Amino acid sequence: MFDVNHNIELNKRRTFAIISHPDAGKTTITEKMLLFGKIIRTSGTIKGRGTGKYAKSDWMNIEKERGISVTTSVIQFAYKNVLINLLDTPGHQDFSEDTYRILTAVDCCLVVIDAAKGIESRTKKLIDVTRSHNTPIITFINKLDRDSLDSIELLDQIEQELQLNCVPITWPISCGKNFKGIYHLYDKYIHLHLNQITEKSNISSLISLSDVLDTKLDHHIGIDLSVQIREELELISNIYPFFNKNKFLKGILTPVFFGSALKNFGIDHLLMSIIKWAPAPLKRQSDIRIVNPQEKKFTGFVFKIQANMDLKHRDRVAFIRIVSGQYNKGMKIRHVRIKKDIIVSNVFSFIAGERFAIKRAYPGDVIGFHNHGTIRIGDTFTEGEEIKFIGIPSFAPEIFRRILLKNPLKQKQLIKGLIQLSEEGAIQVFRPIINSHIILGAIGILQFDVVIERLKIEYNVDAIYEKVNISLARWIRSKNCDITSFQEKNKTYLAFDNSKNLIYLAPNAANLNISIQQYPGISFHKTREQ
Ligand code: G4P
């Protein structure tokens, strides 16, 4: 079952995503990582959306108009002989259910926190999602070159709000205008920041001192700051435990790094931690058995579908995370849900939205191939085995609208369009029990605009939205009890999703809490397996 070369390829790979609240520095960190990985040569390449070499896809007017990306990028780059697959998580207005689902396809997450702002709402939500898989988390506290919150206070916030034990691996020497560098607590060296930033060298000028007691430190940062940092280091060595890789891999403990992405300070520490500690591609649970990445036969699952690379052909690209075996060009694979074998010869990999044909790929890699509406989120592909990977759920929407037709004669096309769009994961569609309204649910507001635009272009349907009094949704399951009376009494709040699952659409949290208390025999779920 085991093959030496296959194992070498496996152990070389790390697949991770970056989580952050908008503006914490995810794009800047990605960019610096790509500089280290020699994928790009100058800063600004990623941010120059629409102009740069790696400008994102512009398949829809909406993207062009707003200068944002609705598409997910997967970036593979090599650093010190390790192949890193970085899955970009849509962040600003393009935040969507995809952002959540991408987190179910990675083996590790990097959380970026703005040192001046601490834990922000989006970070908390995203960390909640990683919890269901116990994904290992590496933390980077960014923007130390600006005035920041106290470092210990930041670690307290992480421990309390994200429920993660912190182990600082590096420690900042002051912040803002006084930011002098980073001390590596484990490797025992200091990188001093001398305010001589050269874009060409990618790294700010720095000096390494072998130990914090080195008197050269007094010379470089002044006696007062040297004394302060020595005291701080003594204090934190008493507060925080040693790094424990097992606890990290179980998602209990997070190693914490400090730095400044803008000044390229601390990014190399992060990359080293990913190489050293992030897991190689992990095994994965299917409905029947656990699939190990070392297995020879190919398996993988779809975690994202991106539509409309070519409008005329309703071209859709399925993103597949490989779990085991290898993909080899021209191989036959089974689309388990529809029980069909297909030969996929035109498979590609991605660099920041651009596609490259590939001949071979391994577990941890993400491959894409075309389909014409037959593939759904959560589908499994194998070399024949009838299994289905689990843990790629639908997430309860957070924003709701009622959709209305401008021309009522187009009802059939509207329904067809909405069913297809929901299968792609672009939107969720609900049909209330008590009326014939169509309610749409999404996680990011932009998803609604995308749906209106796509209905018009692809299905020739003109539609508009109306606000609805719904703010929370939970899928309903009975814990072995009859739910008829619950259904009867709550029919104004109940609807069916596209797969005929019952969902509770609550006007507010108080209403939902009352129902939860009144019906202990019923469970209310934030996620639903595809
Ligand atoms: P995001 O992808 O998480 O949304 O954040 P992004 O990297 O786009 O960074 C948001 C803003 O914060 C950018 O400034 C970026 O330059 C700045 N930034 C990122 N890292 C650091 C850092 O370590 N220190 C400081 N001082 N700033 C940082 P902007 O003005 O919004 O954009 P730009 O004009 O600089 O591109």
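All figures in this text were calculated on a predicted structure; none of them were measured in a lab. All heavy atoms count here, side chains included; hydrogens, waters and symmetry mates do not. Both counts, for ligands and for their atoms, begin at 1 and track the order of listing.
Between Phe95 and Tyr100, the ring center distance clears the sub-6.0 Å criterion.
Residue Asp150 places its CG atom among more than 12 non-hydrogen atoms of other residues, nucleotides or ligands, all under 6.0 Å distant. Counting heavy atoms of neighbouring residues, nucleotides and ligands inside a 6.0 Å radius, atom CG of Leu235 exceeds 12 of them.
Close approach of ligand 1 to Ser20 (heavy-atom distance below 4.0 Å) involves ligand atoms 3 (O). Set against the non-hydrogen atoms of Ser260, the atoms of ligand 1 under 4.0 Å away are 22 (C), 23 (O), 24 (N). Heavy-atom proximity to Lys26, at under 4.0 Å, picks out these atoms of ligand 1: 1 (P), 2 (O), 3 (O), 5 (O), 7 (O).
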>> For a side chain to side chain contact (heavy atoms under 4.5 Å, CB included) check, start with the C-alpha distance between Leu154 and Ile119, then their side-chain angles and the critical distance, and finish with the verdict.
In response: CA-CA 8 Å; Leu154 284 162; Ile119 306 292; over 6 Å; no
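Under 4.0 angstrom from ligand 1, the non-hydrogen atoms of Asp145 all belong to its side chain. Counting heavy atoms closer than 4.0 Å to ligand 1, residue Asn142 contributes side-chain atoms (C-beta onward) but none from N, CA, C or O. Counting heavy atoms closer than 4.0 Å to ligand 1, residue Lys143 contributes atoms from both its backbone and its side chain.
Which of Thr30, Ile29, Thr28 comes nearest to atom 7 (O) of ligand 1 through a heavy atom is settled by distance: it is Thr28.
Figure legend: cation-pi geometry between Arg101 and Phe303 absent, as NZ or CZ is not positioned both under 6.0 Å from the six-membered ring centre and within 45° of its axis.
Any N or O atom pair closer than 3.5 Å counts here, and Pro22 shares no such pair with ligand 1.
Using the six-membered ring where Trp is involved, Phe265 and Phe179 have ring planes that are perpendicular, over 60° apart on the 30 and 60° scheme.
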